[in-house]
Amino acid sequence: MLPLLTDTVEVFFPPGGRVLALVLLVTILLWFRSKLARQKLISPIPGVEMVPGGHWFYGHIKHVMGPIKVGDKDYFDQLFVDYANEQGLCCAHYMEPAISVLSAKHARTILRQTSRRGAVKMIQRHSKQTLGQQSLILQSGGSDWKRQRGLVQYAMTADAITEHNPIIIEVANAMVTALTNTCKAESNGVIELDVVHIAQCFTLEAFGKLALGHDFHCFSDSGIMRSREAEAFAFLVNDIPKRSCPSAVFNPLLQMYFLPTAYNRRYKMERGIVESLLSSVIKQAKDEFAASSKRDSSKSSNSKGGSSKKTRDNLLTHIIRASTDNSDDNLVDMMKTILFAGYETTAITITFVLYNLTKYPEMQELCCAEARRILQRDDSITISDLRYTRAVILESMRLNPTVVWTSRNLTKTINLDGFEIPKGLRVVIPLTKLLVDERNFERAKEFIPTRWVRWNEEKNEWVERDHRKESTDQSPEAVSAADPANFLAFSDGARDCVGKRLAMNESTVALASLMKHFRVSYDESKPVEMKRRLTSWFPHELHINFHLRDDNAE
């Protein structure tokens with residue numbers, strides 16, 4: 001910096017005044033730096049403390065976008081918990097002043113008040129490059145966002161998701177078969193595998209079939225392996241955070257797509273593979289839909305009432321039927337968004353729930369007993385009956401949410417327990433801390449699925465608990481029934497997770513199928529290497545032991 005100032009002074013000032021000019025410029029820069037630093041210390045809300053230690057220029061954004069924990073140091077505790085007042089409020093600076101909330105009641109108020117969220121420009125830029133200009137997750141609101149979200153909601157109604165359950169079961173069975181054959185190849189029936197890879201393959205295969213009617217061929221009788229198309233998709237999922245992370249901001253090799261680097265050439269090739277696949281699938285779906293509409297119209301005019309057998313729609317055909325803009329570019333962007341949004345989040349859920357269960361063998365046996373009771377010989381399944389399995393997933397998501405934080409920009413001033421939060425201020429909701437806060441859940445940091453369900457002796461089955469009618473159960477845990485309204489892992493309001501039903505169904509079927517056939521264990525002496533990807537925090541790899549059950553039914 002100093003040589004640059006010196007050169008500037010030599011160009012614009014005569015020799016006699018150069019020293020004075022240099023001193024003046026340095027003084028101005030130091031004053032400007034001091035002013036910015038002071039701004040980072042001023043709370044926008046009287047009575048709410050500003051977290052100290054922010055950088056003079058970018059404030060606390062490094063910690064909110066970086067690793068959550070490094071060793072024993074928890075940066076999210078420092079940002080959201082340590083300086084919070086009794087109401088769970090504290091302020092920080094993320095290139096702009098913001099306030100965070102720990103109370104689920106406050107978070108619901110924010111999420112239901114506005115759907116607008118300020119975009120991180122670096123993330124938005126690279127997401128647009130990969131997902132397309134009209135990607136739903138990149139829009140802050142407006143009529144186009146409402147139209148696209150309405151289409152996705154239409155494709156993911158409760159009835160539509162129930163219609164897709166046989167596909168999810170089919171994929172789960174293929175996964176179990178591949179794992180069973182792999183375990184049987186070992187003399188002791190035990191195999192150590194990366195559960196992150198397995199979960200990603202399951203999620204991609206399920207989404208491919210029910211969203212596109214396409215088989216990614218991740219599972220075979222001989223094992224689990226990504227196909228070329230699946231590898232291309234996985235590369236693109238990793239690309240956005242790779243280019244958007246703070247350390248890449250000043251790296252022109254990652255910021256400039258036109259540079260002929262080996263990485264950029266591979267990016268172009270992988271994106272071409274994914275877009276070519278989607279274009280081909282979309283063209284086929286549109287042709288089949290046009291032919292089907294023509295047949296239905298012909299039958300309607302030539303018959304007196306009869307009905308033909310209805311074929312099962314996938315998500316794409318649901319959207320084509322409801323959409324007024326069926327241009328290929330629009331549909332490609334929409335399907336990329338659906339796949340990207342659902343692929344990694346569901347895979348993270350499955351990864352964490354299996355890891356958490358390695359610590360609780362007794363819970364594995366309860367899941368197994370329920371799965372063998374509900375899953376019939378033909379593996380037909382009523383997913384809503386797998387209540388304990390769902391409770392385990394809810395508890396795992398509560399302790400390890402797939403999205404660690406979200407934010408909204410207020411469109412009007414609101415009052416949170418006496419504190420006026422002005423219009424325009426960004427509100428950060430740190431889900432990874434809110435969901436383990438005692439304000440929202442009793443014994444919040446403990447893994448207790450029975451806060452969601454209890455065993456009914458009369459019915460001989462698990463039943464859901466109602467926090468409005470009961471406070472504690474009769475189990476040894478004696479924990480209060482959880483309030484589902486405080487479970488914000490899927491967010492809330494107009495911008496909640498549109499695919500939450502599908503995500504829960506996929507996770508429930510995957511876990512029930514695995515627990516029916518396997519026990520899982522983990523060597524706790526091995527540290528779990530976590531990685532940060534945009535708003536997610538999950539294991540880079542997680543090698544879990546799969547034990548084929550001795551009484552495993554053929």
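Predicted model, so just to flag it, every value in this text is computed and none were measured. Position 1 is the first residue of the sequence; numbering continues from there.
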K.L.:
Please check if the side chain of Thr177 supplies one atom and the backbone of Asn173 the other of a donor-acceptor pair under 3.5 Å.
P.N.:
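At least one qualifying donor-acceptor pair exists.
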
K.L.:
For a quick test of reading the model, state the closest non-hydrogen atom pair linking Ser100 to Leu79 and the distance between them.
P.N.:
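So the minimum-distance heavy-atom pair works out to OG-O, 4.5 Å.
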
K.L.:
Yes or no on side-chain contact (heavy atoms from CB on, under 4.5 Å) for Leu212 and Leu278, after CA distance, side-chain angles and deciding distance?
P.N.:
CA-CA 8 Å; Leu212 303 172; Leu278 291 175; 3.7 Å; yes

K.L.:
Looking only at atom types and distance, does a side-chain atom of Gln364 sit under 3.5 Å from a main-chain N or O of Leu357, one as donor and one as acceptor?
P.N.:
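Yes.
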
K.L.:
What residues form a side chain to side chain donor-acceptor pair (under 3.5 Å) with Thr358, not counting sequence neighbours?
P.N.:
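Result, side chain to side chain donor-acceptor pair (under 3.5 Å) vs Thr358: none returned.
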
K.L.:
Can you tell me if His60 uses its side chain to pair, donor with acceptor, with the backbone of His93 under 3.5 Å?
P.N.:
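It does hold such a pair.
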
K.L.:
Using the ring of Tyr263 (Phe, Tyr or Trp, six-membered ring only), decide whether Lys242 places NZ or CZ under 6.0 Å from its centre and within 45 degrees of its axis.
P.N.:
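Satisfied, under 6.0 Å and within 45°.
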
K.L.:
Verify, without hydrogens or angle tests, whether Arg519 (side chain) and Arg549 (backbone) share a donor-acceptor contact under 3.5 angstrom.
P.N.:
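Such a contact is absent between Arg519 side chain and Arg549 backbone.
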
K.L.:
Go through the steps to decide whether Phe207 and Tyr343 satisfy the test ring pair (Phe, Tyr, Trp, His ring centres under 6.0 Å), and finish with yes or no.
P.N.:
CA-CA 7 Å; Phe207 258 79; Tyr343 164 72; 8.4 Å; no

K.L.:
Which heavy atom in Ala104 sits nearest to a heavy atom in Leu488, and how many Å separate them?
P.N.:
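Closest pair (atom of Ala104, atom of Leu488, distance): O-CD1, 4.1 Å.
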
K.L.:
State which residues pass side chain to side chain contact (heavy atoms under 4.5 Å, CB included) with Asp159; sequence neighbours excluded, sorted by chain then number.
P.N.:
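Checked Asp159 against side chain to side chain contact (heavy atoms under 4.5 Å, CB included); matches are Thr157.
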
K.L.:
So, Asn545 side chain and Tyr522 main chain: donor-acceptor pair closer than 3.5 Å or not?
P.N.:
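Not a single qualifying donor-acceptor pair exists.
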
K.L.:
Report yes if the side chains of Ile224 and Phe219 come closer than 4.5 Å at any heavy-atom pair, otherwise no.
P.N.:
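When only atoms from C-beta onward are counted, Phe219 and Ile224 do touch, with a gap below 4.5 Å.
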
K.L.:
Restricting to pairs with a member in residues 273-284, which pass salt bridge (charged side-chain N to carboxylate O under 4.0 Å, His left out), not counting sequence neighbours?
P.N.:
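Passing the test, one end in residues 273-284: Arg271-Glu275, Glu275-Lys336, Lys283-Asp287.
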
K.L.:
So Phe80 and Tyr94, would you call those rings parallel, tilted or perpendicular, with 30° and 60° as cut-offs?
P.N.:
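Tilted, since the angle between the ring planes falls between 30° and 60°.
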
K.L.:
Are side-chain heavy atoms of Val101 and Ile429 found at a separation under 4.5 Å?
P.N.:
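Yes, side chains in contact.
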
K.L.:
Measure across Thr182 and Gly223 and return the closest heavy-atom pair with its distance rounded to 0.1 Å.
P.N.:
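Minimum heavy-atom contact is OG1-CA, 4.0 Å.
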
K.L.:
In sequence, state the C-alpha distance, the side-chain angles, and the governing distance for Leu502 and Ile168, and then conclude on side-chain contact (heavy atoms from CB on, under 4.5 Å).
P.N.:
CA-CA 9 Å; Leu502 179 58; Ile168 302 174; 4.0 Å; yes

K.L.:
Mind checking whether Thr337 and Val152 have side chains closer than 4.5 Å, heavy atoms only?
P.N.:
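They are not in side-chain contact.
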
K.L.:
So for atom NZ, which belongs to Lys268, do other residues, nucleotides or ligands contribute more than 12 heavy atoms lying within a distance under 6.0 Å?
P.N.:
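Atom NZ in Lys268 is not crowded, with 12 or fewer foreign heavy atoms closer than 6.0 Å.
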
K.L.:
Going by distance alone, is a donor N or O of one side chain under 3.5 Å from an acceptor N or O of the other, for Asn264 and Thr261?
P.N.:
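Distance-only check passes for Asn264 and Thr261.
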
K.L.:
Classify the ring geometry between His164 and His318 as parallel (under 30°), tilted (30 to 60°) or perpendicular (over 60°).
P.N.:
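Judged by the thresholds at 30° and 60°, the geometry between His164 and His318 is perpendicular.
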
K.L.:
Between Ile273 and Phe233, is a side-chain contact (heavy atoms from CB on, under 4.5 Å) present by the stated rule, with each step listed?
P.N.:
CA-CA 8 Å; Ile273 291 173; Phe233 183 78; over 6 Å; no

K.L.:
Answer yes or no: is there a side-chain heavy-atom contact under 4.5 Å between Asn314 and Ile167?
P.N.:
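Counting from C-beta outward, Asn314 and Ile167 never come under 4.5 Å.
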
K.L.:
Applying side chain to side chain donor-acceptor pair (under 3.5 Å), can you list everything that pairs with His197, at least two apart in sequence or on another chain?
P.N.:
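Testing His197 for side chain to side chain donor-acceptor pair (under 3.5 Å), a comparison that skips the adjacent residues, returns none.
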
K.L.:
Any sub-3.5 Å donor-acceptor pair from Arg495's side-chain atoms to Ser115's backbone N or O?
P.N.:
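Side chain of Arg495 to backbone of Ser115, a donor-acceptor pair under 3.5 Å: yes, one is there.
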
K.L.:
Report yes if the side chains of Ile319 and Ile338 come closer than 4.5 Å at any heavy-atom pair, otherwise no.
P.N.:
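Side chain of Ile319 against side chain of Ile338, heavy atoms only: contact under 4.5 Å found.
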
K.L.:
Using atom types as modelled and distance alone, determine if a side-chain donor or acceptor of Gln148 lies under 3.5 Å from a backbone N or O of Met334.
P.N.:
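Such a contact is absent between Gln148 side chain and Met334 backbone.
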
K.L.:
Mind checking what makes side chain to side chain contact (heavy atoms under 4.5 Å, CB included) contact with Ser244, not counting sequence neighbours?
P.N.:
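Per chain and number, Ser244 pairs via side chain to side chain contact (heavy atoms under 4.5 Å, CB included) with Met122, Ile123, His126, Ile240, Leu534.
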
K.L.:
For the residue pair Cys218 and Ala230, what are the closest heavy atoms and their distance?
P.N.:
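Smallest heavy-atom distance, with atoms named: SG-CB, 4.1 Å.
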
K.L.:
Roughly how far, to the nearest 0.5 Å, is NZ of Lys531 from CH2 of Trp537?
P.N.:
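Here the rounded value is 11.0 Å.
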
K.L.:
According to salt bridge (charged side-chain N to carboxylate O under 4.0 Å, His left out), does anything in residues 209-220 pair up with another residue at least two apart or in another chain? List the pairs.
P.N.:
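Sorted pair list: Glu170-Lys209, Lys209-Asp215.
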
K.L.:
Does Arg266 pair with Asp239 as a salt bridge, N-O distance under 4.0 Å?
P.N.:
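Between Asp239 and Arg266 there is no salt bridge, as every charged N stays at least 4.0 Å from the carboxylate O atoms.
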
K.L.:
May I ask you to check whether over 12 heavy atoms, not counting those of Lys359, lie within 6.0 Å of atom NZ?
P.N.:
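Check passes, neighbour count above 12.
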
K.L.:
Does any part of the side chain of Ser396, heavy atoms only, come nearer than 4.5 Å to the side chain of Phe447, both counted from C-beta?
P.N.:
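Side chain of Phe447 against side chain of Ser396, heavy atoms only: contact under 4.5 Å found.
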
K.L.:
Could you go through Val353 and Val392, starting from their C-alpha distance and side-chain angles, then the distance that decides it, and tell me whether this counts as side-chain contact (heavy atoms from CB on, under 4.5 Å)?
P.N.:
CA-CA 7 Å; Val353 73; Val392 169; 3.6 Å; yes

K.L.:
Please verify the inter-ring angle class for Phe487 with Trp452; under 30° counts as parallel, over 60° as perpendicular, anything in between as tilted.
P.N.:
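Answer is perpendicular, since the angle exceeds 60°.
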
K.L.:
Salt bridge or not for Glu270 and Arg228, using N-O below 4.0 Å?
P.N.:
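Result for this pair is yes, salt bridge flagged.
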
K.L.:
Quick one: list whatever passes salt bridge (Lys or Arg N to Asp or Glu O under 4.0 Å) with Glu229, sequence neighbours left out.
P.N.:
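With sequence neighbours excluded, Glu229 shows a salt bridge (Lys or Arg N to Asp or Glu O under 4.0 Å) to no residue whatsoever.
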
K.L.:
Is Met269 atom CE crowded by more than 12 heavy atoms from other residues, nucleotides or ligands, each under 6.0 Å away?
P.N.:
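Check passes, neighbour count above 12.
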
K.L.:
If we ignore hydrogens and angles and just use 3.5 Å, is the side chain of Asp492 paired with the main-chain N or O of Leu111 as donor and acceptor?
P.N.:
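Pair absent, no side-chain N/O of Asp492 close to backbone of Leu111.
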
K.L.:
Closest heavy-atom contact between Ile544 and Ser521?
P.N.:
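Heavy atoms of Ile544 and Ser521 come nearest at CG2-O, 3.4 Å.
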
K.L.:
Provide the closest heavy-atom pair for Arg226 versus Cys201 in the form atom of the first, atom of the second, distance.
P.N.:
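Minimum heavy-atom separation between Arg226 and Cys201: CG-SG, 3.9 Å.
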
K.L.:
When you check the side-chain N and O atoms of Ser525 and Asp523, is any donor under 3.5 Å from an acceptor?
P.N.:
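Judged by distance alone, the side chains do pair up.
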
K.L.:
Which residues satisfy the side chain to side chain donor-acceptor pair (under 3.5 Å) test with Arg398, sequence neighbours excluded?
P.N.:
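Testing Arg398 for side chain to side chain donor-acceptor pair (under 3.5 Å), a comparison that skips the adjacent residues, returns Glu395.
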
K.L.:
Considering only residues two or more places apart or on different chains, which pairs with a residue in residues 337-356 satisfy salt bridge (charged side-chain N to carboxylate O under 4.0 Å, His left out)?
P.N.:
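Residue pairs with at least one partner in residues 337-356: Glu344-Arg533.
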
K.L.:
What residues, two or more places apart in sequence or in another chain, satisfy side chain to side chain contact (heavy atoms under 4.5 Å, CB included) together with Thr402?
P.N.:
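Only Thr345, Ile348, Thr349 meet the side chain to side chain contact (heavy atoms under 4.5 Å, CB included) criterion with Thr402.
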
K.L.:
Do Leu399 and Leu435 have side chains that approach each other closer than 4.5 Å (heavy atoms only, starting at C-beta)?
P.N.:
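No, their side chains stay 4.5 Å or more apart.
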
K.L.:
What I want to check is whether the side chains of Arg108 and Asn486 have a donor and an acceptor closer together than 3.5 Å.
P.N.:
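Side-chain D/A pair, Arg108 to Asn486: present.
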
K.L.:
How would you list, by chain and number, every residue that makes a side chain to side chain donor-acceptor pair (under 3.5 Å) with Arg125, sequence neighbours excluded?
P.N.:
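With neighbours one apart ignored, the set is Gln255.
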
K.L.:
Does the ring of Tyr154 carry Arg321 above it, NZ/CZ under 6.0 angstrom from centre and within 45° of its axis?
P.N.:
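The answer is no; the distance or angle limit is not met.
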
K.L.:
Kindly write out the residues that satisfy salt bridge (Lys or Arg N to Asp or Glu O under 4.0 Å) with Arg149, not counting sequence neighbours, or none if the list is empty.
P.N.:
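Residues passing salt bridge (Lys or Arg N to Asp or Glu O under 4.0 Å) with Arg149: Asp496.
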
K.L.:
Hey, does Arg408 have a side-chain heavy atom less than 4.5 Å from the side chain of Leu410?
P.N.:
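No, too far: nothing below the 4.5 Å cut-off.
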
